[in-house]
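None of the values given here were measured: they were computed from a predicted structure.
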Protein chains: 2
Amino acid sequence: MVRKKSTELTSAEQKVMQVLWQHGPCSVKTITAELNKQAALAYTTVQTLCRILLDKGHVQCEKQGKAFIYQAITVQQEARTQALTVLLKRFFAGSPTLLAQHLLEQPLPAELQQELQAQIDAQAKHAATTEKQER
Amino acid sequence: MVRKKSTELTSAEQKVMQVLWQHGPCSVKTITAELNKQAALAYTTVQTLCRILLDKGHVQCEKQGKAFIYQAITVQQEARTQALTVLLKRFFAGSPTLLAQHLLEQPLPAELQQELQAQIDAQAKHAATTEKQER
DNA sequence: TAACACCTACTAAAGAATTAGTTTTAAATC
DNA sequence: GATTTAAAACTAATTCTTTAGTAGGTGTTA
């Protein structure tokens, strides 16, 4: 059976995208240097990843002097949403309610709960203020 | 370079686990039937997936009559937490704050926001009640 | 202009994932 | 006991992923 080819970001690809999102347009050299802060990875490996990302349409590139400068096309926001949607489908039976419950009830990455709560408080405060002003 | 072998759940494996989580211990036949509600997949394919899950230690099995009955070892809760942690690392630079922001600010899977808020409200109410009782 | 550095393009290889066919085994039934 | 049948075990092929080496081109500089 033929497998449909995906355009989803693989693990290694995601790491490259991360660099591009954080640093803006980069050469392979820069990306490699950035990735090597975490774990050794050959220049040519990064180059291959860039080519794949180009094939999949996640980045575009443009020659600047000797080197190509790669730039993310896929915006981080979208990638995040997509990733969250997949997560939701796979692990939470597609139910946002379950994710919400899990986020709030589970001793998750620990800080997350607090952060969530803080966000929520800020949001609530803002909403309240807005409401007052609207009257 | 040698790749470290992962025990992470792949996409196809996750689907099998989903069935086991939802239905409890199942035979390959049952899993196949369940998965085929979504898309056709050969019995032997599911069998292979079960073997892999066994290798990776996510399920255990036990002969019952002619067939093996597979049972999830990895609990859904843990898989969820792990998946969320990976997501956090990959797409939110490991920052729970960013995830929280994204969840609340982004027109995400739409309902999620509302559900989150509802969860939050319920939680807040509960907390308030508990607080009163503790006094 | 020759040497060097740097970069791309091409090639490659091994492991993982996905899918499923074939063979064997064992249980059930006639 | 022989035959049928259902399941496991084994095998396999294709694609994806990850990793990186080598060859070749081009710009810079001594």
Side-chain angles (χ1 to χ4, degrees), chain A residues 1-19 25-71 83 86 90, chain B residues 1-19 25-71 79 83 86 89-90:
Chain A
M1 197 179 264
V2 196
R3 273 206 272 173
K4 65 188 181 304
K5 67 173 156 184
S6 95
T7 60
E8 248 171 62
L9 292 171
T10 67
S11 169
E13 287 159 22
Q14 279 165 18
K15 285 174 195 149
V16 174
M17 291 303 285
Q18 186 77 49
V19 173
C26 285
S27 66
V28 173
K29 189 175 179 178
T30 309
I31 300 169
T32 307
E34 209 50 44
L35 291 178
N36 276 325
K37 286 182 183 169
Q38 309 230 314
L41 207 56
Y43 181 93
T44 47
T45 303
V46 178
Q47 216 178 17
T48 305
L49 287 172
C50 287
R51 184 184 46 71
I52 293 170
L53 285 169
L54 205 58
D55 284 351
K56 289 193 178 176
H58 291 293
V59 303
Q60 62 190 15
C61 72
E62 170 182 347
K63 200 145 205 168
Q64 212 165 90
K66 279 203 290 185
F68 282 115
I69 300 296
Y70 289 87
Q71 179 169 16
V86 171
R90 296 249 171 93
Chain B
M1 195 179 266
V2 195
R3 273 208 271 173
K4 66 189 179 303
K5 68 172 153 185
S6 96
T7 61
E8 250 173 60
L9 292 170
T10 67
S11 168
E13 287 160 22
Q14 279 164 17
K15 285 174 197 149
V16 174
M17 292 301 286
Q18 186 76 48
V19 174
C26 288
S27 66
V28 172
K29 191 175 178 178
T30 309
I31 300 169
T32 307
E34 209 50 45
L35 291 177
N36 276 325
K37 287 182 183 170
Q38 310 231 312
L41 208 56
Y43 180 95
T44 47
T45 303
V46 178
Q47 215 177 20
T48 305
L49 288 170
C50 287
R51 182 184 48 70
I52 293 170
L53 285 169
L54 206 59
D55 283 351
K56 289 192 178 177
H58 290 293
V59 302
Q60 61 189 15
C61 71
E62 171 183 343
K63 200 147 206 169
Q64 213 166 88
K66 281 204 290 186
F68 282 117
I69 300 296
Y70 289 87
Q71 178 169 18
V86 171
K89 226 190 222 166
R90 296 250 173 94

**Request:** Grab the CG-P distance between B:L9 and C:dA16 for me, whole Å please.
**Result:** 15 Å
**Request:** Give the rounded distance in Å between these two atoms: CD1 of B:I69 and C1' of D:dA6.
**Result:** 13 Å
**Complete:** Side-chain contact check for B:T10: nearest option of C:dA20, D:dA6, C:dA17 is C:dA17
**Asked** Among C:dA20, C:dC7, D:dA20, which is the nearest nucleotide to the side chain of A:L41?
**Response** D:dA20
**Fill in**
Regarding the side chain of B:T44, the nearest nucleotide among D:dT18, C:dA9, C:dT22 is C:dT22
**Asked** How long is the line joining CD of A:E13 and P of D:dT18, in whole Å?
**Response** 6 Å
**Complete:** In whole angstroms, the gap separating P of C:dT18 from OH of B:Y43 amounts to 20 Å
**Request:** Mind calculating the distance between CZ (A:F68) and C1' (D:dG27) to the nearest angstrom?
**Result:** 15 Å
**Item:** Value in whole Å for how far the C1' atom of D:dC10 lies from CD of B:Q47
**Value:** 10 Å
**Residue whose nearest DNA chain D nucleotide is more 5′ - A:V46 or B:T48** = B:T48
**Prompt:** Does any N or O in the side chain of B:S27 come within less than 3.5 Å of the main-chain N or O of B:T30, such that one atom is a donor and the other an acceptor?
**Reply:** yes
**Message:** Between A:K56 and D:dT17, is there a contact of a side-chain N or O with OP1 or OP2 at under 4.0 Å?
**Reply:** yes
**Request:** Could you state the atom-to-atom distance from CD of A:E8 to P of D:dT15 in whole Å?
**Result:** 19 Å
**Asked** Rounded to the nearest Å, what distance is computed from the CD1 atom of residue A:I52 to the C1' atom of nucleotide C:dA12?
**Response** 13 Å
**Message:** Minimum heavy-atom separation for B:V59 and B:L54, please, with both atom names.
**Reply:** O-CD1, 3.3 Å
**Asked** For the residue pair A:H58 and A:L9, what are the closest heavy atoms and their distance?
**Response** CD2-CD2, 3.6 Å
**Request:** Provide the closest heavy-atom pair for B:I69 versus B:Q64 in the form atom of the first, atom of the second, distance.
**Result:** CG1-CB, 3.6 Å
